[in-house]
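Inspection log for the structure reproduced underneath, given as structure tokens.
What you see below is based on every heavy atom in this structure, not just the backbone, and it leaves out hydrogens, waters and symmetry mates.
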Amino acid sequence: MVSSPHEALHRIFRADPGLFARLLPRAGIDFPEHTAIEPLDTDLTEIRPLERRVDSVFRVHVPGEEGGFVLAVESQGKPDPDKHNSWTYYLAYMYAKYRLPPFLLVVCKDKVTASWAAEPIRVGRGFHTSMVVFPLVLGPGSLPVITEPDEAARDLAVAVFSALAHATDPGLTAILEALASGVACDAEKSGSGVNGETGEGGDVNRVDWAEIVEIGLGEGSGREYWRHLMATYTPNFPGSKTIVEESWLEGRAKGQTEGKAEGKAEGKAEGKAEDILRILEVRGIEISDPVRERVIECTDLDVLGAWFDRSLSAAHAEELFVEG
């Protein structure tokens, strides 16, 4: 199970190994034709007291080439000079263990880290260089944002990775809205079917992608907005206990209890008001009692919707009520 934003960014490839061939060309990186991509053991420890583990490792089988090559994937959250030692070790160890050409792909969520990770790693002194490592890098600077629902639906894996790579983008709201529409599409239209030979598409359903996005976004307003988007869709996988299903069941139970459209509207208004206040709290915005009361007492869904949009960027809670 994916448990952290760090894991989400590299485990996308474990969920859908064929994503390499569809994603890297978008960043201007050629990826060869292949017959299969298989995950390998991530334990690269040689001497047990010194444990070394790469995030993910794959063996790519290439037609016409015996063995293919090995691809290591590292999720990197910030520049870390110590990683240069680890990365050169990973490549050297994999080359010795598998006797296949090794490559390193670093995935990042911000441009500063991506720029740092792309720098060649030179091993040696001024008079001689023994080794140079050229990491491949995927990040917000090399991948276009996806804000069209149709494009997101065509390949959910690509759309999910792009959304996480652009998690700090000012336009994240539009990115997540397009992705939510893609997640809601029929499985046949989502690009999530499986190719047993190449691994392309991955054995991943819409609920899995929704969870990966939620975890990958980490704590903050982006995650809260994603949960809000998921709460508006009818669940397609009963019994999975996701936020989608929980929200839907809660709304249905409330509607049955109240038995009236007015009651349902009140329930939606209460939920929307709670979402607004929660987003402000997560963003560290102080909420005065008058603001809290005004939000809670409002029953107009259109007004609450406008306030919700402003809560994602407002510097002060009072800005919720400022028109324009």
Side-chain angles (χ1 to χ4, degrees), residues 2-48 50-62 65-109 113-123 130-139 142-143 157-158 160-161 164-165 198-200 202 212 216:
V2 180
S3 60
S4 71
H6 173 93
E7 281 190 77
L9 204 58
H10 71 86
R11 287 190 61 176
I12 292 177
F13 296 103
R14 292 196 209 175
D16 183 358
L19 178 60
F20 291 117
R22 308 195 305 277
L23 188 62
L24 288 171
R26 290 173 174 248
I29 302 171
D30 291 333
F31 194 86
E33 293 185 9
H34 59 282
T35 56
I37 301 176
E38 58 179 307
L40 299 175
D41 187 358
T42 60
D43 189 349
L44 303 184
T45 304
E46 189 167 19
I47 303 175
R48 285 296 165 184
L50 182 61
E51 184 180 37
R52 297 180 186 271
R53 289 184 181 272
V54 66
D55 286 337
S56 292
V57 185
F58 300 85
R59 180 172 179 175
V60 181
H61 297 267
V62 179
E65 292 185 17
E66 183 178 355
F69 61 91
V70 180
L71 180 62
V73 182
E74 279 279 280
S75 176
Q76 192 64 29
K78 62 181 180 180
D80 180 1
D82 289 340
K83 280 293 185 178
H84 287 172
N85 294 331
S86 300
W87 292 347
T88 52
Y89 171 88
Y90 294 162
L91 292 172
Y93 180 84
M94 289 189 298
Y95 188 47
K97 179 178 181 179
Y98 297 108
R99 298 185 180 275
L100 296 172
F103 296 89
L104 172 67
L105 174 64
V106 184
V107 292
C108 310
K109 297 173 72 172
T113 303
S115 178
W116 166 82
E119 295 176 358
I121 304 170
R122 302 184 184 277
V123 180
S130 300
M131 180 190 302
V132 183
V133 174
F134 296 93
L136 300 171
V137 178
L138 285 177
S142 59
L143 290 172
V158 169
V160 166
F161 187 92
L164 296 184
T198 66
E200 293 187 359
I212 288 173

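- Residue K109 holds its NZ atom at 7.5 Å from OG of S75, rounded to the nearest 0.5 Å.
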Query - Verdict with reasoning, D55 to V73, per side chain to side chain contact (heavy atoms under 4.5 Å, CB included) - result: CA-CA 6 Å; D55 286 337; V73 182; 5.6 Å; no

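- Within 6.0 Å of OH in Y95 there are 12 or fewer heavy atoms belonging to other residues, nucleotides or ligands.
- With values rounded to the nearest 0.5 angstrom, L143 atom CG is found 11.5 Å from L164 atom CG.
- From Q76, atom CD reaches atom NZ of K83 across 5.5 Å, with rounding to the nearest 0.5 Å.
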Requested in this report: Run the numbers on E74 and L104 for side chain to side chain contact (heavy atoms under 4.5 Å, CB included), then give the verdict.
Outcome: CA-CA 8 Å; E74 279 279 280; L104 172 67; 4.0 Å; yes

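- Minimum heavy-atom separation, A157 to D16: CB-OD2, 3.2 Å.
- Here OG of S86 is found 11.0 Å from CG of L91. Values are rounded to the nearest 0.5 Å.
- Counting heavy atoms from C-beta on, the side chains of L19 and I12 come closer than 4.5 Å.
- Atom OG1 of T88 sits about 15.0 Å away from atom OH of Y93, to the nearest 0.5 Å.
- In this structure, F31 and F20 have parallel ring planes: the angle between them is below the 30° cut-off, well short of the 60° mark.
- Residues passing the side chain to side chain donor-acceptor pair (under 3.5 Å) test with W116: none are found, sequence neighbours excluded.
- Considering every non-hydrogen atom in both G18 and I37, the closest pair reads CA-CD1, 4.3 Å.
- Nearest heavy atoms, M94 versus P102: CE-CB, 4.1 Å.
- No side-chain donor-acceptor contact under 3.5 Å links R59 to the backbone of A36.
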Query raised in the report: Could you walk me through whether V70 and F103 pass the side chain to side chain contact (heavy atoms under 4.5 Å, CB included) check?
Result: CA-CA 6 Å; V70 180; F103 296 89; over 6 Å; no

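- Within the 4.5 Å cutoff, the side chain of I212 has heavy atoms near those of the V160 side chain.
- With a 4.5 Å cut-off on side-chain heavy atoms, V57 and L71 do not count as touching.
- Closest approach of V137 and C108 over heavy atoms only: CG1-SG, 4.3 Å.
- Residue P101 comes nearest to G68 through the heavy atom pair CD-O, 3.6 Å, listed as atom of the first residue, atom of the second, then distance.
- When ring centroids are compared, F161 and F13 come within the 6.0 Å threshold.
- Looking at V132 and V123, their side chains never come closer than 4.5 Å, going by heavy atoms from C-beta outward.
- Take S142 and apply the side-chain contact (heavy atoms from CB on, under 4.5 Å) test, not counting sequence neighbours, and it matches A27, L138.
- Between V106 and P135, the shortest heavy-atom contact is CG2-CB, 4.2 Å.
- Side-chain contact between L24 and D30 is absent, with no heavy-atom pair separated by less than 4.5 Å.
- The salt bridge (charged side-chain N to carboxylate O under 4.0 Å, His left out) test applied to R26 returns E151, not counting sequence neighbours.
- Atom NE2 of residue H61 and atom NE2 of residue H34 lie 10.5 Å apart, to the nearest 0.5 angstrom.
- Here the side chains of E38 and F58 are not in contact, with every heavy-atom distance at 4.5 Å or above.
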